Amino acid sequence: MKRIGVLTGGGDCPGLNAVIRSVVRTAAKNGIEVIGIKNGWKGLIDNETIELRLGSVSGILPKGGTILGTSRTNPYKNSEDAKKVVANYKKRELDALIVIGGEDTLGVANKLMKENESLNIVGVPKTIDNDLSATDFTFGFDTAVNLATEAIERLHTTAESHHRIMVVEVMGRHAGWIAVYSGLAAGADLILIPEVPMDLDEVCDVLKKRHARGKGFSIVVVAEGAKFKEGQVVVQEEKLDAFGHVRLGGIGEILAQEIEKRTKFETRVTVLGHIQRGGTPSAFDRVLATRFGVKAVELALNKKFGYMASLSGNEIRDVPIAAAVGALKTIDMRLYEIAKIFFG
Ligand code: F6P
């Protein structure tokens, strides 16, 4: 093992740089050179790379984003692109490639490996959404939850002063992990998630009862992928990205309008948006990302290609990448049942 590549693909999240640093430092200890691929799979299509030396990763542990850049480029959108990825992997004389990504980026890794025996890929799971199977947590999630928790707490005081209902829309795509964790941590009065279609009558009933027992304000956390019982998810635009995803967003506004109309309580909405993806990673995410980076290099050294670092309990293990990308990991309903105890 002389030279490994590393790339970050899909939506960025806090902790990507911590993984890159960990990969470079661990590789250096083992006499391995590291090539950074720019902008996810796009960098392997365009052959855009940089050498990553110890100096390149100095000071990046607490930095959000990714020094390599990222993209949502899917090499399988165009069959020529997938061939270019393989050709450039060979041209750069990589002995292995560490792919840091979520379901889409790792899905491509899985497909590429199935089709090309010469590609040696190991994975690292990332996403603020925590919706990747075969790992208890992805890095980036904890930071997003901390940010959302603080925001919800701040909304409490203004909601209380003005006797208002505050609707907070959080990210998470089609899974309610961020909503449930931040809602539980910040004491939300209702948490609405994609896994359980919303019944507006029930939502308003909970809020009215809460007000009837003297609580003049309420906090409602809604995940961007939540939908009404009889409705569809709310999207910002119909256009699909290269992986066939819609751009979610807007359910908070619609929900707030409906709540105000039906309950007559003054209601405001806050959409946290990409703030959840930016900034410095939490200590938990820094440690998790660092452990994942070390594990990824170990997997490459042990020629355990097609595997991904994963967190199981407090152990870092390895699982087939295929097991992570097969199905979306939606919320653990036992946790949602706990959250429900505190509704209203
Ligand atoms: O997957 C991470 C995520 O932040 C989702 O929570 C969100 O739906 C999506 O990415 C937003 O994507 P973009 O950065 O393309 O707007």
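Residue numbers run from 1 in the order of the sequence given. Not measured: the values here are computed from a predicted model.
Counting heavy atoms from C-beta on, the side chains of H156 and I219 come closer than 4.5 Å. Within the 4.5 Å cutoff, no side-chain heavy atoms of V124 are placed close to those of V99. Contact of the V23 side chain with the L52 side chain is not registered, since no non-hydrogen atoms from C-beta on lie closer than 4.5 Å. No side-chain heavy atom of L112 sits under 4.5 Å from any side-chain heavy atom of N110. Looking at heavy atoms from C-beta onward, V220 lies in side-chain contact with L255 at the 4.5 angstrom threshold. Residues L155 and T270 form a side-chain contact, since some pair of their non-hydrogen atoms from C-beta on lies under 4.5 Å apart. K2 has its side chain out of reach of I32: every pair of non-hydrogen atoms, C-beta onward, lies at least 4.5 Å apart. Within the 4.5 Å cutoff, the side chain of K227 has no heavy atoms near those of the Q232 side chain.
In the hydrophobic clustering of this structure, V269 does not group with V235; members are Ile, Leu, Val, Met, Phe, Trp, Tyr whose side-chain heavy atoms approach within less than 4.5 Å, directly or through other members.
In this structure, K329 forms a cation-pi arrangement with W177, its terminal cationic atom sitting closer than 6.0 Å to the ring centre and no more than 45° off the ring axis. Under the 6.0 Å distance and 45° angle rule, R317 does not count as a cation-pi partner of Y307. The side-chain tip of K295 does not point at the ring of F292 from less than 6.0 angstrom away and within 45° of straight on.
One side chain, D104 or H245, offers a donor N or O that lies under 3.5 Å from an acceptor on the other. A donor-acceptor contact closer than 3.5 angstrom links the side chains of S282 and D142. For T143 and D285, the side-chain atoms include at least one donor-acceptor pair closer than 3.5 Å. Using modelled atom types, one finds a donor on one side chain and an acceptor on the other under 3.5 Å when comparing R291 with N314. Inspection of the T290 and R25 side chains reveals no N or O donor paired with an N or O acceptor under 3.5 Å. In summary, the side chains of T267 and R164 do not present any donor paired with an acceptor at a separation below 3.5 Å, with no hydrogens or angles considered.
Checked against the 6.0 Å centroid threshold, F265 and H211 count as a close aromatic pair.
Under 4.0 Å is where a charged nitrogen must lie from a carboxylate oxygen, and between R262 and E258 at least one such pair does. Ion pairing between a basic and an acidic side chain is recognised when a charged N comes within 4.0 Å of a carboxylate O; K340 and E337 show such pairing. Ion pair R53/E51 flagged as a salt bridge, since at least one NZ, NE, NH1 or NH2 atom sits closer than 4.0 Å to an Asp/Glu carboxylate oxygen. The residues D189 and R210 are annotated as salt-bridged, a charged nitrogen and a carboxylate oxygen being separated by less than 4.0 angstrom.
Other residues, nucleotides and ligands place more than 12 heavy atoms under 6.0 Å from the NZ atom of K304. Within 6.0 Å of atom CZ in R334, 12 or fewer heavy atoms from other residues, nucleotides or ligands are found, so the atom counts as exposed in its surroundings.
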> Is there a salt bridge (charged side-chain N to carboxylate O under 4.0 Å, His left out) between E150 and R154 once you walk through the steps?
Replying inline: CA-CA 6 Å; E150 193 196 331; R154 285 173 184 267; 2.8 Å; yes
> Going through the checks in order, is the ring-ring contact (aromatic ring centres under 6.0 Å, His included) test met by Y181 and F141?
Replying inline: CA-CA 10 Å; Y181 265 75; F141 171 66; 5.1 Å; yes
>> Checking K77 against D81 for the salt bridge (charged side-chain N to carboxylate O under 4.0 Å, His left out) test, could you report, in this order, the C-alpha distance in whole Å, the side-chain angles of both residues, the deciding distance, and whether it holds?
In response: CA-CA 8 Å; K77 269 302 251 187; D81 285 348; over 6 Å; no
